[in-house]
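Before any comments, here is the structure.
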Amino acid sequence: MEAGNSLEVDVNGEEIFIVDMKILSSFSARLGKLFGNLASSSRKLKVIFDNFPGGSHVFELMARICYNNGTIEITPSNVVLLNCAAHYMEIGSNSPEKLNLVDQTEKFLEGINYWTWSELLQSLKQCQDLLPATNSSFLLEKVLGCLVGRLTLPTLASSFTCSSNNSSSQLSCDTSSTCSMRNNWSQTTWWFEDLLVLNANSFDKVIRMMMSQKLEHATIFRFIVFRLKSIYLSVKPAEECKITEVSINLLSLFDRSSLSCKGLFDILLAARLKNLSKFYKLKLEHLIGSMLDQSTLDHLLVPSPQRKHHVYDVNLVLRLAKAFLLEGSKMSRNQWSKVASLMDSYLIEVAPDFLLKPAKFAALVMVLPDSARESSDRLYQAIDMYLQVHVQLSEEEKMRLCSVVNRDKLSAEALEHLAQNSNFPSRKTLQSFITQQSRSNISIHDHFSFLKNSSQSTFHSDAKVEQEGLEQILIYARRHGHSKKIDNLETELQGMQKGVAEWEKVCAMMCSEKRIVTKPSLHGLGKARSLPKLCS
């Protein structure tokens with residue numbers, strides 16, 4: 001090699017090559033553009049490639065091809081690498097015909113349908129590693145399309161099941177006998193383990209391709225669950241998190257009939273171990289909640305993430321039940337009954353937990369309407385059990401729990417037990433408590449309605465007073481446990497505050513125009529400002 005023709009090439013900081021610039025630039029249009037005018041220079045020349053596709057190994061392979069005057073054997077194991085390198089170095093139509101590497105590799109790729117399953121998997125891994133190199137995305141689509149096409153040919157599946165021995169899969173379980181293990185699998189699931197190599201981007205593409213090619217939705221869903229439950233050691237936590245988010249997004253594309261509650265809870269448990277955003281967790285919970293009638297008690301017994309509060313994650317179950325309520329108008333009577341029975345079973349299960357606070361248990365008890373239950377026997381059983389364990393409850397807390405039981409829906413046996421149950425107050429006492437609660441609710445509602453109507457016909461000074469009155473009512477509601485009305489009251493208070501601001505603007509404008517405004521009288525204002533009797 002002549003001194004003036006030597007070129008130092010730094011490839012991705014991995015390795016430095018000394019090559020003949022004249023030989024490589026005769027094939028590579030990229031090098032020709034860089035050093036075409038310096039071919040006769042005696043200076044030491046160097047080029048640094050920071051993102052050469054495939055790294056030093058692929059550069060060396062490409063250099064050998066140039067030194068061999070274009071002689072190369074293209075195989076399924078190197079065609080992806082050579083194609084990306086050829087595009088990067090511009091060894092295409094401007095190169096000598098014997099080494100138009102772009103055309104040669106793309107012509108070879110036309111026979112991809114004849115490759116073996118293991119060759120496709122190897123090319124898939126190469127494509128993922130090469131991203132975002134030039135043309136790698138196109139190659140990835142081509143390889144994934146062929147892989148998915150194989151899965152739609154179940155009669156031919158057995159001929160592609162055994163992957164090459166150099167697979168880089170590392171699972172938590174023993175994979176030394178991959179092929180023998182697959183022989184025991186269903187013919188529709190033999191490929192699950194092989195496709196664990198998919199990254200988040202490829203995973204999303206594959207699932208969408210499967211659905212577009214009418215692969216059975218139930219099988220695709222099983223693969224998603226399998227992927228999320230598998231521990232794939234070569235994937236970083238951030239990538240695992242992204243795959244989980246992609247999976248949750250994809251669930252909306254499935255027929256509901258193809259989703260199993262067990263699978264969804266498996267995804268939920270996998271998601272709990274990852275640092276997912278709240279958006280994706282709630283999205284998954286809403287889907288599970290809409291199918292709550294298909295769940296079992298074992299599904300709901302999820303350990304609490306904070307054991308110091310309670311044994312089981314009752315907050316999760318509350319969110320699932322509320323998600324079901326959102327879909328309630330679409331549910332049949334049978335579905336309501338199943339969910340009521342499930343919730344009663346759950347209540348009986350969590351009632352003995354001495355760490356479960358009264359407010360949380362009450363929320364579980366009251367989350368479903370009374371109309372959902374045909375019988376109150378098991379609800380009564382759960383509350384009775386809770387009262388036996390939590391003897392420190394106040395009388396008001398006991399009343400609130402016991403008032404939920406509809407005695408008209410108790411069996412004769414349950415009524416007989418209730419009559420001798422000292423933990424439960426009498427019907428008369430309960431009725432008095434319920435009446436008192438109803439009156440306070442009505443008082444709050446009537447008083448608030450009056451304030452709302454009057455605020456629409458008063459000016460700034462009166463609106464300010466009414467706003468203060470509503471704030472007092474809100475304090476009263478919080479003090480007396482009217483939690484269901486607080487959210488609505490706060491919303492209306494915000495609306496009234498906006499109204500006050502608007503009146504201020506109107507008054508300022510009227511004053512600036514020097515108009516005389518007669519303030520209207522408001523009958524019954526004193527009544528509107530008064531608080532319910534229970535506040536006194």
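All residue numbers refer to positions in the sequence shown, counting from 1.
- Pairs of residues two or more places apart, or lying in two chains, that qualify as side-chain hydrogen bond (donor to acceptor under 3.5 Å, both in side chains) and include a residue from residues 195-209 are Gln128-Ser202, Glu141-Lys205, Asn199-Ser202, Asp204-Arg208.
- Side chains of Arg227 and Ser247 form no contact here, defined as non-hydrogen atoms less than 4.5 Å apart.
- Residues Asp313 and Ser304 bring no donor and acceptor atom of their side chains to less than 3.5 Å of each other.
- Distance alone, capped at 3.5 Å, is enough to place a donor-acceptor pair between the Ser394 side chain and the Glu397 backbone.
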Please set out all donor-acceptor pairs under 3.5 angstrom arising from side-chain atoms of residues 347-366, sequence neighbours excluded.
from, atom 1, to, atom 2, distance (Å)
Asp353, OD1, Leu355, N, 3.0
Asp353, OD2, Val311, N, 2.8
Lys360, NZ, Asn315, OD1, 2.8

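- For the pair Ser341 (side chain) and Lys338 (backbone), a donor-acceptor distance under 3.5 Å is absent.
- Residue pairs meeting the salt bridge (charged side-chain N to carboxylate O under 4.0 Å, His left out) criterion with at least one partner in residues 279-290, sequence neighbours excluded, are Glu285-Arg319.
- Between Arg400 and Glu396 there is a salt bridge, with a side-chain nitrogen of the basic residue lying less than 4.0 Å from a carboxylate oxygen of the acidic one.
- When only modelled atom types and interatomic distance are considered, Ser345 and Arg378 share a side-chain donor-acceptor pair under 3.5 Å.
- The backbone N or O of Met210 lies less than 3.5 Å from no partner atom in the side chain of Gln213, so there is not a single donor-acceptor pair.
- Judged purely by atom type and a 3.5 angstrom limit, Lys398 has no side-chain atom pairing as donor or acceptor with the backbone of Asn423.
- A donor-acceptor pair under 3.5 Å is formed between the side chain of His390 and the backbone N or O of Tyr386.
- A salt bridge does not link Lys262 to Asp298: none of the charged side-chain nitrogens sits closer than 4.0 Å to a carboxylate oxygen.
- There is a side-chain donor-acceptor pair under 3.5 Å between Ser290 and Arg256.
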| task | Let me see the working for Gln381 and Asp377 under side chain to side chain donor-acceptor pair (under 3.5 Å), right down to the final yes or no. | result | CA-CA 6 Å; Gln381 179 186 351; Asp377 281 16; over 6 Å; no
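- His217 contributes no side-chain N or O that, together with a main-chain N or O of Ser258, makes up a donor-acceptor pair within less than 3.5 Å.
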